[in-house]
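This is a predicted model, so every value here is computed, not measured. Residue numbering restarts at 1 for every chain, and letters A, B, ... go by the order of the sequence lines.
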Amino acid sequence: MLRQIEGSRAVAETVALCRPEVVCAYPISPQTHIIEAVGVMVKSGELAPCEFINVESEFAAMSVAIGASAAGARAYTATSSQGLLFMMEAVYNAAGLGLPIVMTLANRAIGAPINIWNDHSDAMAVRDAGWIQLFAETNQEAADLHVQAFRLAEELSVPVMVCMDGFILTHAVEGVDMLDQSTVDAFLPPYEPRQVLDPDSPVSIGAMVGPEAFEEVRYLAHLRQLDALDRIPVIAAAFEEATGRRSGGLLSTYRTDDAETIVVALGSVLGTIKDAVDIRREAGERIGVVGITSFRPFPFQAVRDVLCGARQVVVIEKAFSIGFGGVLATDLSLALHGTDCTLRSVVAGLGGRSITRLALEDLFATAARGQLEALTFLDLDHGVVERERERMMATRRSGPSAENILRDLKAPRRVGAKEKS
Amino acid sequence: MTETPFAITLDVGSSRANHTGSWRVERPVYVDRLPPCNNACPAGENIQGWLYEAESGNYEAAWRKLVEENPLPAIMGRICFHPCETACNRVQVDEAVGINAVERFLGDLAIENGWKLPSAGADTGKRILVVGAGPAGLSTTYHLRLLGHQVRLVDSAQKLGGMMRYGIPAYRLPRPVLDAEIARIIAMGVEVQLEHNVVNIDRERTDGGFDAVFLAVGAQLGHRVNIPAGDSTRVLDAVNFLHQVADGDAPMLGRRVVVYGGGDTALDAARTARRLGATEAVIVYRRNQEHMPANGEEFGQALGEGVTMRWLSTVNRFEGDRLILEKMRLNAEGFPEPTGEFEELDADALVLALGQNTDLSLLDQAGDVVVNNGVVEVQPSMMAGASGIFAGGDAVPADRTATVAIGHGKKAAHGIDAFVLGRTPPIVERHELATFERLNTWYYSDAERTVRPELERVRRQSNFDEVVGGLTEENALFEARRCLSCGNCFECDNCFGVCPDNAVIKLGGSKRYEFDYDFCKGCGICVKECPCGAIEMVPERI
Amino acid sequence: MTTRPVRFYQVGSFAVGNRLLEDGDRTVQSDLNRANSIDSGHRACQGCGEALGARYALDAAMRATNGQMVAVNATGCLEVFSTPYPETSWRIAWLHSLFGNAPAVATGVSAAMRVKGKPEVRVVAQAGDGGTVDIGFGCLSGMFERNDDVLFICYDNEGYMNTGVQRSAATPPAARTATTDAVGPEPGNAFGQGKDLPRLAMAHDIAYVATATVADLHDLEAKVERAMQFRGARYLHILVPCPLGWGSASDDTIHIARLAKETGLFPVFEAEYGKVTSVSHIRRRTPVEEYLSIQRRYAHLFGKKPRTEVIARIQAIADRNIERYGLITDETVGATREVTA
């Protein structure tokens, strides 16, 4: 049923259809609307049986999920940003124990400086944790991915993180075709754990593993993720069969067939990119788009297959590895190794900065001219940066950069006066 | 379960493949140590053993274990001076276990229920002559019968029992008890010959065709000192006095009776005199209370009955109805020395309780038997000389108590057994002593000793009813359970419980425990926490 | 419920078992068929108090729950020595996640059991003192205040022993650890610090809080049993001497635990809904020297010139406990345990 609905609400209601048995919640913007909505459904009895646990931290949230999952319950939680980092140890642990927890990550920047708006720094911080990370382009996809995530997680005994852009998706109201319970029930069988805490069949879960077996354990986890590369398209196809809707999969393509330039990105920015691409197409440029849905496991082969015909690949990503560059770009460069394809990395939208269609059009025009540098920061205010650099050179106690920059932006004239002095 | 994730998840109990016993440098081993009560018991009783049964309320089993060594528990439960209690480790916790009282309880219960001693052993065809039917003679008789030897028991008195009958007053040892326990031995099949004086032991032995002889003639002669007295009838000796009382032929003593001596016989004489109507019963003793050899409990009872003491005095002479006493003082070694000062004491009679002597004239013709200081020299097997004459009780050098005599009797029986069957007497291996330091007394609950009720003083002054009462069953059980079981496992499960490595195997059903050396790391907690000191660490051979 | 005194037994009620006791009055540990929750072959040091305490507590919990129990374990000695791949010493359903999250993991397990319609399966979480009073305290406090149906057991050996004997907030004053070494003008751990977890637990008004030591098995088991009679959050704090970290003889583990209680340094009590309901009285009052002097972590107090002023400060702590909990009464001497019949 198509409804005009907030992204968070759509996700919450879809998660509820997946019959989670233990939901643990600790509030952090912009994840709050999701867990609030689930909480209401549990408290009202609409979602039952389900234990909704208000924990005292994200670390506890993931830990409660670990306990619940190990005891055979379908466990769900959601977080963002600092919350993800605060639960980081448990995030790794859940993966290490092979517990099929599903978590929504409402992507948000990481402080300091503290910032509640969207980028992908949080997701990138845990890309090596052993979780499957799926990125939603739209609220429709965000909702649909959760259903697929539970099935994928439980089939493989691997936790799955569904990443959706904070505010941009979580707080956006748009049309979402909501699933019904019978469809979800048919698609998602009850959770049958691979291992479970059971007094009648006791095992020790979470043993200490030394050098003699640790590498094998890690390699097995890697193989499970490689298995996921096979399972994700299968599950997406099954989902399409059940719902008549294409959602998920390893990646999505848009106008790539004859594209000389292909833009690659994660999440909601794909929509804006597609608008810009449409305009560039109208101007005659052979440009297309690839959206990576499955960031972990990274679909090297699928990516290579879809990109290898292009002359140039432009990666636009809302995160970067400081002192290095784009994260997704790095993965792509490996995927393109040995092809003639030129890779351009663009970092954009950090801390919620808008990525506008116009900026993208300019960017693509520059790329088309072959003038795009290897690493570009979209819409970076070089003046601000330069001024702060100068201040830092001039005096050791130049004050906090973030505040200095805010002052600069609010009072450019006074800054100018300062420059004189 | 092979479906569980690799390495992270493990099947239960798999660590038993890891034999941590290899870490050990010392290993615990279970030991049995000799409890101090058993060690101190002259009769060789396995006290701890029978207390163990009594603790469970298995009184008949307890009694049976008891009479393996001593056939006279009801008697000894009354008159034994219980060195076991002096030795008892519990003294250092609160008070000794009331072993003697429990022994009496069991003895009385056996009489009440008519429990019989074990049947005599299969007949060996050997004949043994036992001279003297006191505790030593009766004990030997019993053990000889158990071993299957025939026994003729002879005594010069009218009845069996020796000093137990003729030396110990009835208020301490009621005659029905005495009779019952003696009768039980005789019922095992014993030829008894009373009022028979053995004059020549060799002739007696040859005439009767005996393979061996046991002499338990006791010390029946009161030691006399010369007390100048105008009227010699006023001076009696305690042994005769008590014998006469026991025969129901008490002499007239008068109102004021003085007893001379400081031993148990002096107390018995004074207390008996009170019961016979003496208004004053004064014990004159040459030393002080500290040096008095008499049993403390009975001394207290005597004082309670109105017996008075005249310390540091010797009897010099009778002058009419006045006794002249010389005051003494103790020298540095604790020996009394005359002071030359004299006192007077009104007295109708003087009873001498200055020790007893043995009449060994029957040995005059007995070849290699050595008599020294009035007693018979014996070997550890109680054999005197090499000819099959054994001796025990007061007639040999030892403490003159009934308990010692019972011990002699058993020892002699085994000596005789070996002699007549031509064997070497077995050497009994003794375990290391279970000392207090080896105990962990924390585990024993605090419980004070039950004191046996005493007859009201007034009542007991004028009759020969038993002074000390018995324990009720509840009290006896309580006393028995105060036993610490020093040195011997009593299955408290501590070792089984305190092992951090589950390396103690509980065998259950009185089979105690075993160590599982595959896993024992040798930490020693079991040793330290064993209440009774029945485990020790020994170095591991590496 | 009537009570009758067990006054006749040869060894009172202090030993593990007693052939004279009724079956129901015997300890779980005396039972041939005890669960042996943690089995032989574990790699704990010789004389490990924690291995012992864990078996005591979990076996009792297994009996109280009729075997319907799962355990969650924090990282630490207990976890490391019990489950090095490929062997586990646990005979029970057992889960280890992280150092600081055992209470929360247990909450999750408990919630799962409820939602799965298996409320009879009870959850025990366990950690050392570091996993309880320090790194795990946030999760523990959260579990307490939500009143999640978990019995949390702290095996307190007063430091981070697994990592090589470092100070925790449960390390007592003056004790030497690798991070509070016996050097400088004030050797050992500082006075006036540390967390009293049982009292903090009580402040959450949870149903049941108790302390125990490995020296009194009957008391420990009774507390586990009692704890299992409640639903909701419960806390049991068990003192488990560590021969390695305390520098004590391996055979002294129980002896030292007993002295900790008898000196008053470790008050043994139980509380329900924030109120102390019973205390284990001191049976043989002991000066703290006797406890301190057999542990090398306090050796700096007993050098050529004994630090009597420091010992006096420790004695003052014991005396304050004695007063606070009323550990000494007129009837203390000769007191015997009463058991319910």
When rounded to the nearest 0.5 angstrom, what is the spacing between [atom1] in [X] and [atom2] in [Y]?
{"X": "C:Y85", "Y": "A:M208", "atom1": "OH", "atom2": "CE", "answer": "13.5 Å"}
{"X": "A:E56", "Y": "C:M143", "atom1": "CD", "atom2": "CE", "answer": "10.0 Å"}
{"X": "C:K116", "Y": "A:R74", "atom1": "NZ", "atom2": "CZ", "answer": "8.0 Å"}
{"X": "C:N101", "Y": "A:E89", "atom1": "CG", "atom2": "CD", "answer": "7.0 Å"}
{"X": "C:K118", "Y": "A:D200", "atom1": "NZ", "atom2": "CG", "answer": "7.5 Å"}
{"X": "A:Y92", "Y": "C:L98", "atom1": "OH", "atom2": "CG", "answer": "13.0 Å"}

Nearest heavy atoms of [X] and [Y], plus distance in Å:
{"X": "C:A111", "Y": "A:V22", "answer": "CB-CG2, 3.9 Å"}
{"X": "C:A112", "Y": "A:A68", "answer": "CB-O, 3.6 Å"}
{"X": "A:G206", "Y": "C:W94", "answer": "O-CZ3, 4.0 Å"}
{"X": "C:Q68", "Y": "A:P199", "answer": "OE1-CG, 3.7 Å"}

Quiz item: So which of A:S204, A:A207, A:G96 has the largest heavy-atom pair count under 4.5 angstrom toward chain C?
Solution: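 Most heavy-atom pairs under 4.5 Å with chain C: A:S204.
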Engaged part of [X] at the chain C interface, taking heavy atoms whose separation is under 4.5 Å:
{"X": "A:S57", "value": "neither"}
{"X": "A:A60", "value": "both"}
{"X": "A:C24", "value": "neither"}
{"X": "A:I53", "value": "side chain"}

Quiz item: Is there side-chain contact between A:V64 and C:V105, with at least one heavy-atom pair below 4.5 Å?
Solution: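 Counting from C-beta outward, A:V64 and C:V105 never come under 4.5 Å.
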Quiz item: If we only count heavy atoms from C-beta on, is the A:P202 to C:W90 side-chain gap below 4.5 Å?
Solution: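 The answer is no, as the side chains (C-beta and beyond) never meet within the 4.5 Å cut-off.
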Answer with side chain, backbone, both or neither: which region of [X] has an atom nearer than 4.5 Å to a non-hydrogen atom of chain A?
{"X": "C:M113", "result": "side chain"}
{"X": "C:A106", "result": "neither"}
{"X": "C:V121", "result": "side chain"}
{"X": "C:E79", "result": "side chain"}

Exercise. Identify which of C:S97, C:S141, C:G67, C:G142 forms the greatest number of heavy-atom pairs closer than 4.5 Å to chain A.
Key: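 The candidate making the most pairs under 4.5 Å is C:S97.
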Self-check item: Leading residue by heavy atom contact count with chain A [cutoff under 4.5 Å; candidates C:I92, C:T65, C:V123, C:V72]
Solution: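 Winner by heavy-atom pair count: C:I92.
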Quiz item: For A:I205, which of C:L95, C:T83, C:T88 qualifies under side-chain contact (heavy atoms from CB on, under 4.5 Å)?
Solution: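 Of the listed options, the one satisfying the test is C:L95.
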Quiz item: If you draw a 6.0 Å radius around CD in C:Q229, do more than 12 non-hydrogen atoms from other residues or ligands fall strictly inside?
Solution: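 Counting other residues, nucleotides and ligands, CD of C:Q229 exceeds 12 neighbours.
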